[in-house]
Colleague: 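Next up is a structure, given as structure tokens.
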Amino acid sequence: MSHNEVRTRYAPSPTGFVHIGNLRSALYEYLIAKVKNGKFILRIEDTDQKRYVEGAVDVIYDTLKIVGIKHDEGPDIGGHYGPYVQSERKHLYLPYAKQLIEKGKAYYCFCSEERLEDLRVKAEKAKVQNKYDRHCLNLSKEEIQRRLDAKEPYVIRQLMPDTGETTYNDAVYGDITFNNDVLEDQILIKSDGFPTYNFANVIDDHLMKISHVVRGSEYITSTPKYVLLYEAFGWEPPIFVHLPLVEKLGGGKLSKRSGDAYFSDLIKAGYLPEAVVNFIVLLGWSSGTEQEFYTLSELEKVFDIKGISKSSSVYDTDKLKWMNGEYIRRKTPEEFVKIASPWIDKALPDTLDRTKICSMIQKRVEVLSEIPDMVKFLKKAKPIDISLYNNEKSKCNINEAKRILPIIRDKIVAMEDFNHESIYLMFTSTAQELGVKNGLVMWPARIALSGQLVTAGGAVEIADVLGKQETLKRIDKAIKQLEKTDA
RNA sequence: GGCCCUUUAGUCAAGCGGUUAAGACAUCGCCCUUUCACGGCGGUAACAGGGGUUCGAGUCCCCUAAGGGUCACCA
């Protein structure tokens with residue numbers, strides 16, 4: 001690194017989904033750069049042509065955009081170190097591999113996949129680590145040329161030292177040492193001419209002047225190979241920052257579909273991007289303070305590699321839910337109406353007042369997707385299970401409901417203004433006149449209006465949303481139902 | 001299985017040789033109250049085990065155990 005600008009990169013392979021663990025890596029990479037006023041680069045790692053997925057790159061752009069991460073260089077916006085898509089850089093890797101061959105640090109290999117598979121099976125049976133047997137290491141120059149001329153498929157392998165050890169310093173884990181004899185002569189260039197990730201990432205990171213290589217700790221064991229590569233080229237290695245893994249609840253790597261592990265799923269389920277960001281940044285990082293709510297721009301100032309923990313953490317949505325609810329509650333009423341309306345629309349006709357409904361449910365919603373179920377009783381009166389009138393705490397029972405509901409009905413009929421305040425007054429004054437607690441009046445009213453034991457909102461709010469006419473209609477219906485019952 | 005990493009409550013975590021071992025989520029109880037929720041108050045709950053080093057160890061070292069990662073012409 002000739003100068004000390006911090007440059008990090010997010011280098012996803014376009015698989016079509018952005019996983020939570022992946023997004024967290026992107027976040028950390030972004031923050032490590034931004035906290036030092038550095039650059040954050042997006043690079044697409046698509047050297048595996050078999051895994052190409054249509055539209056996958058757009059998913060990556062969209063995700064970054066939604067969470068508010070802006071890259072400084074990338075395929076869509078360019079930069080001084082492009083191209084930023086590995087398949088477009090294909091031509092540039094082979095010369096580097098050949099340079100290594102010149103130096104005696106790499107060699108051609110013509111082994112068939114069948115032969116390699118054989119080796120693998122044998123190693124498996126013998127219960128030893130599978131390692132390429134260097135069958136092609138000592139081919140003569142002439143034979144190599146002959147086979148190359150004959151267009152035989154080949155790969156290029158990195159020649160590993162078989163004695164000694166390799167140590168590198170990790171910004172999170174400290175010094176990590178490996179015996180060189182565990183390192184396999186890994187493939188650098190595949191027979192289709194593409195580089196492997198193991199080779200391309202080193203070349204690209206160097207060429208793009210990446211100062212901090214930030215990635216999941218699953219790469220810890222292959223990092224000595226990269227270090228050896230840097231050494232072979234005579235390049236200064238970057239600072240390695242390996243991140244602890246995110247595990248699923250039962251344990252194990254959170255990688256395949258497990259729960260709400262995809263960012264897009266979370267958004268679809270009604271999680272707020274800023275809550276998700278806040279939550280996942282805390283999964284594996286701590287500021288050391290008591291603060292737990294952070295905006296992205298705050299994080300851009302306070303994030304510190306030192307706060308990254310070594311141990312993996314479990315992705316448990318309990319706290320995410322709470323945090324999302326917290327973000328929802330912190331919205332202004334106007335903001336909440338805006339984000340909640342699409343969800344209310346799923347359950348209710350637009351004749352009902354959205355603002356009133358929202359003020360009723362805002363404190364009760366944790367995840368937006370709960371909204372339709374929460375409000376659907378407003379659309380249609382449910383058939384009432386009359387046992388719901390029984391409630392010990394408010395001293396209500398079916399007979400009390402029978403007595404009180406008609407009184408309320410008459411009061412409502414007489415009302416001129418029908419709003420939150422006047423409804424509340426009507427209920428409380430009724431209670432006073434009858435010499436009973438408010439609860440004894442409110443309880444049967446709420447049951448009559450909703451048909452539900454629990455509702456988002458009380459009798460007053462519900463009546464207000466419903467309006468005088470519908471309120472009366474539901475209470476009448478409830479009275480008629482009660483009249484038909486003895487007890 | 002070899003190698004590498006990790007290990008503070010159910011979960012996220014603070015701690016960096018001397019603390020009554022923070023805080024948050026979850027859970028439980030109480031209060032507020034028109035149900036539920038919100039809010040307020042409080043409770044239960046942790047240094048994986050064993051050896052050292054030290055006057056003193058969650059903090060340093062070693063061993064064991066458990067969990068995870070990795071051993072591809074995937075990234």
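Proteins get letters first, then strands, A, B, ... in listed order; numbering begins at 1 in each. Atoms considered below: every heavy atom in the structure, side chains included; atoms not considered: hydrogens, waters and symmetry mates. Computed from a prediction, not measured in an experiment: that's the story for all the values here.
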Colleague: With heavy atoms under 4.0 Å as the rule, sort Lys393(A) into base, sugar-phosphate or nothing.
Modeller: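 Contact class for Lys393(A): base.
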
Colleague: Which nucleotide wins on minimum distance to the side chain of Ser311(A), given the candidates C73(B), U7(B), C38(B)?
Modeller: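 The closest nucleotide is U7(B).
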
Colleague: With heavy atoms under 4.0 Å as the rule, sort Ser191(A) into base, sugar-phosphate or nothing.
Modeller: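 The residue Ser191(A) makes base contact.
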
Colleague: Phosphate oxygens OP1/OP2 of A75(B): is one of them under 4.0 Å from a side-chain N or O of Thr47(A)?
Modeller: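 Checking A75(B) against Thr47(A), a side-chain N or O does come within under 4.0 Å of OP1 or OP2.
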
Colleague: Counting side-chain heavy atoms from C-beta on, which of A75(B), C36(B), U34(B) comes nearest to Tyr219(A)?
Modeller: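 Minimum distance to the Tyr219(A) side chain belongs to A75(B).
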
Colleague: Using the C1' atoms only, state how far G17(B) lies from C4(B), rounded to an integer number of Å.
Modeller: 29 Å

Colleague: Classify the nucleic acid contact of Thr221(A) as base, sugar-phosphate or nothing, counting any heavy atom under 4.0 Å across all strands shown.
Modeller: base

Colleague: Is the shortest distance from a Lys or Arg side-chain nitrogen in Arg474(A) or Glu470(A) to a carboxylate oxygen in the other one below 4.0 Å?
Modeller: yes

Colleague: When the nearest nucleotide of RNA chain B is assigned to Asp318(A) and to Ser286(A) on a heavy-atom basis, which residue is associated with the more 5' position?
Modeller: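 The residue mapped nearer the 5' terminus is Ser286(A).
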
Colleague: Check the distance between U70(B)'s P and Gln186(A)'s CD and give it to me in whole angstrom.
Modeller: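 Taking atom P of U70(B) as the reference, CD of Gln186(A) is at 15 Å.
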
Colleague: Should Lys306(A) be listed as having a side-chain N or O under 4.0 Å from OP1 or OP2 of C16(B)?
Modeller: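 Answer is no, no contact under 4.0 Å.
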
Colleague: Would Arg24(A) and Tyr315(A) count as a cation-pi pair here, with the cationic atom under 6.0 angstrom from the ring centre and within 45° of the axis?
Modeller: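 That pair does not qualify as a cation-pi contact.
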
Colleague: If you only use heavy atoms from C-beta on, which nucleotide in U11(B), U34(B), A13(B) is closest to the side chain of Glu461(A)?
Modeller: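 Shortest atom-to-atom distance from the side chain points to U34(B).
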
Colleague: Please classify the nucleic acid contact of Ile189(A) as base, sugar-phosphate, or nothing, using heavy-atom distances under 4.0 Å.
Modeller: nothing

Colleague: When you get a sec, tell me which of U35(B), U34(B), C73(B) is the closest nucleotide to the side chain of Thr455(A)?
Modeller: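 Of the candidates, U35(B) comes closest.
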
Colleague: When we call it a touch if two heavy atoms are under 4.0 Å apart, what does Glu45(A) touch: a base, just sugar-phosphate, or nothing?
Modeller: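 Sugar-phosphate, backbone atoms only, no base.
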
Colleague: Counting Watson-Crick and G-U wobble pairs only, both distances under 3.5 Å, name the nucleotide matched with A24(B), or none.
Modeller: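 When the pairing criteria are applied, U11(B) turns out to be the nucleotide that pairs with A24(B).
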
Colleague: If I take atom CD1 in residue Ile176(A) and atom C1' in nucleotide U6(B), what distance separates them, rounded to the nearest angstrom?
Modeller: 11 Å

Colleague: Using whole Å, what does the distance between atom P of nucleotide U34(B) and atom CD1 of Ile404(A) come to?
Modeller: 14 Å

Colleague: Can you find an N or O donor on one side and an acceptor on the other, under 3.5 Å apart, linking the side chain of Lys363(A) with the base of A37(B)?
Modeller: no

Colleague: Which nucleotide, in any strand shown, forms a Watson-Crick or G-U wobble pair with A45(B), with both distances under 3.5 Å?
Modeller: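 A45(B) is paired with nothing.
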
Colleague: Does the ring center of Tyr230(A) lie less than 6.0 Å from the ring center of Tyr168(A)?
Modeller: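 No - the distance between ring centres of Tyr230(A) and Tyr168(A) does not fall below the 6.0 Å cut-off.
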
Colleague: Please compare Lys225(A) and Glu326(A) by the position of their nearest nucleotide in RNA chain B and report the one closer to 5'.
Modeller: Glu326(A)

Colleague: Looking only at atom C1', what distance separates U70(B) and G10(B), rounded to whole Å?
Modeller: 29 Å

Colleague: What is the nucleic acid contact for Glu247(A), judged by heavy atoms within less than 4.0 Å: base, sugar-phosphate only, or nothing?
Modeller: sugar-phosphate

Colleague: Determine: side-chain N/O of Arg120(A) to OP1/OP2 of C73(B), distance under 4.0 Å, yes or no.
Modeller: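 Yes, because at least one side-chain N or O of Arg120(A) sits under 4.0 Å from OP1 or OP2 of C73(B).
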
Colleague: Go through U35(B), A72(B), G23(B) for me and flag the one nearest to the Val454(A) side chain.
Modeller: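 Between U35(B), A72(B), G23(B), the one nearest the side chain of Val454(A) would be U35(B).
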
Colleague: Just the rounded figure in Å: distance from P of C25(B) to CZ of Phe293(A).
Modeller: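 It works out to 9 Å between those atoms.
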
Colleague: Among the nucleotides A75(B), C71(B), U34(B), which one has an atom lying closest to any side-chain atom of Gln129(A)?
Modeller: C71(B)

Colleague: Base, sugar-phosphate, or nothing for Phe427(A), non-hydrogen atoms under 4.0 angstrom?
Modeller: nothing

Colleague: What is the separation between atom NZ on Lys321(A) and atom P on A24(B), rounded to the nearest whole Å?
Modeller: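 After rounding, the gap between these two atoms is 21 Å.
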
Colleague: Under 4.0 Å between any heavy atoms, over every strand shown, what does Gly457(A) touch: base, sugar-phosphate, or nothing? Just pick one.
Modeller: base

Colleague: Does the distance from a Lys or Arg side-chain N to an Asp or Glu carboxylate O, for Glu370(A) and Lys321(A), drop under 4.0 Å?
Modeller: no

Colleague: If you measure from the P atom in U44(B) to the same atom in A37(B), how many Å do you get, rounded?
Modeller: 23 Å

Colleague: Leu148(A): what forms a side-chain contact (heavy atoms from CB on, under 4.5 Å) with it, not counting sequence neighbours?
Modeller: Tyr108(A), Phe110(A), Ile144(A), Gln145(A), Tyr154(A)

Colleague: Grab the OH-C1' distance between Tyr315(A) and G10(B) for me, whole Å please.
Modeller: 17 Å

Colleague: Do NZ/NE/NH1/NH2 and the carboxylate oxygens of Lys131(A) and Asp181(A) come within less than 4.0 Å?
Modeller: no

Colleague: So if I take every side-chain heavy atom of Trp443(A) and compare against U35(B), A26(B), C12(B), which nucleotide ends up nearest?
Modeller: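 For the Trp443(A) side chain, the nearest candidate turns out to be U35(B).
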
Colleague: Base, sugar-phosphate, or nothing: which does Ser313(A) touch, judged by heavy atoms less than 4.0 Å apart?
Modeller: sugar-phosphate

Colleague: With both distances kept under 3.5 Å, what pairs with A72(B), Watson-Crick or G-U wobble?
Modeller: none

Colleague: Measure centre to centre between the rings of Trp343(A) and Phe336(A), then say whether the value is under 6.0 Å.
Modeller: no

Colleague: Taking the side chain of Ser13(A) as heavy atoms from C-beta outward, which of C25(B), C38(B), A75(B) is closest to it?
Modeller: A75(B)

Colleague: Looking across every strand, which nucleic acid part, if any, lies under 4.0 Å from Phe279(A) by heavy atom: base, sugar-phosphate, or nothing?
Modeller: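 Since no nucleic acid heavy atom lies under 4.0 Å of Phe279(A), the category is nothing.
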
Colleague: Looking only at side-chain atoms of Glu292(A), point me to the closest of A24(B), A37(B), G69(B).
Modeller: A24(B)

Colleague: Could you work out the separation of A66(B) and G49(B) based on their P atoms and round it to a whole Å?
Modeller: 15 Å

Colleague: Rounding to a whole Å, what distance do you find between Leu440(A):CG and U33(B):C1'?
Modeller: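 Rounding to the nearest Å, CG of Leu440(A) and C1' of U33(B) are 15 Å apart.
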
Colleague: So, Asp133(A) and Arg115(A), do they make that salt bridge, N to O below 4.0 Å?
Modeller: yes

Colleague: When rounded to the nearest Å, what value does the distance between P atoms of G18(B) and U59(B) take?
Modeller: 11 Å

Colleague: What nucleotide, of G68(B), C73(B), U11(B), holds the atom closest to the side chain of Asp316(A)?
Modeller: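 The closest nucleotide is U11(B).
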
Colleague: Measuring only the C1' atom in each nucleotide, how far is U27(B) from U19(B)? A whole number of Å is fine.
Modeller: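 U27(B) and U19(B) have their C1' atoms separated by 26 Å.
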
Colleague: Within the structure shown, what part of the strands sits under 4.0 Å from Asn179(A) by heavy-atom distance: base, sugar-phosphate, or nothing?
Modeller: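 No contact at all - Asn179(A) keeps every heavy atom at 4.0 Å or more from the nucleic acid.
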
Colleague: Scan Glu218(A) against the nucleic acid and name what it touches under 4.0 Å (heavy atoms): base, sugar-phosphate only, or nothing.
Modeller: sugar-phosphate

Colleague: Is it the case that U34(B) (base atoms only) and Arg446(A) (side chain only) share a donor and an acceptor within less than 3.5 Å, ignoring hydrogens and angles?
Modeller: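 There is none.
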
Colleague: Taking pairing as Watson-Crick or G-U wobble with both contacts under 3.5 Å, can you name the mate of G39(B), or confirm there isn't one?
Modeller: C31(B)

Colleague: Does His420(A), at its NE2 atom, have more than 12 non-hydrogen atoms belonging to other residues, nucleotides or ligands within less than 6.0 Å?
Modeller: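 Correct, the count exceeds 12.
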
Colleague: With a sphere of 6.0 Å drawn around NZ of Lys105(A), does it hold more than 12 non-hydrogen atoms of other residues, nucleotides or ligands?
Modeller: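 Count not over threshold, so no.
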
Colleague: Is there a side-chain contact between Asn130(A) and the phosphate of A72(B), meaning an N or O under 4.0 Å from OP1 or OP2?
Modeller: yes

Colleague: May I ask you to say what Thr15(A) touches in the nucleic acid, namely base, sugar-phosphate or nothing, with a heavy-atom cut-off under 4.0 Å?
Modeller: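 Contact class for Thr15(A): none.
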
Colleague: Across the strands shown, which category fits Val314(A) at heavy-atom distances under 4.0 angstrom: base, sugar-phosphate, nothing?
Modeller: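 Sugar-phosphate: the residue Val314(A), judged by heavy atoms under 4.0 Å, touches backbone atoms but no base.
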
Colleague: State the pairing partner of G18(B); accept Watson-Crick or G-U wobble contacts with both distances under 3.5 Å, and report none otherwise.
Modeller: C55(B)

Colleague: Expressed as a whole number of angstroms, how long is the span from Tyr327(A):OH to C38(B):P?
Modeller: 18 Å

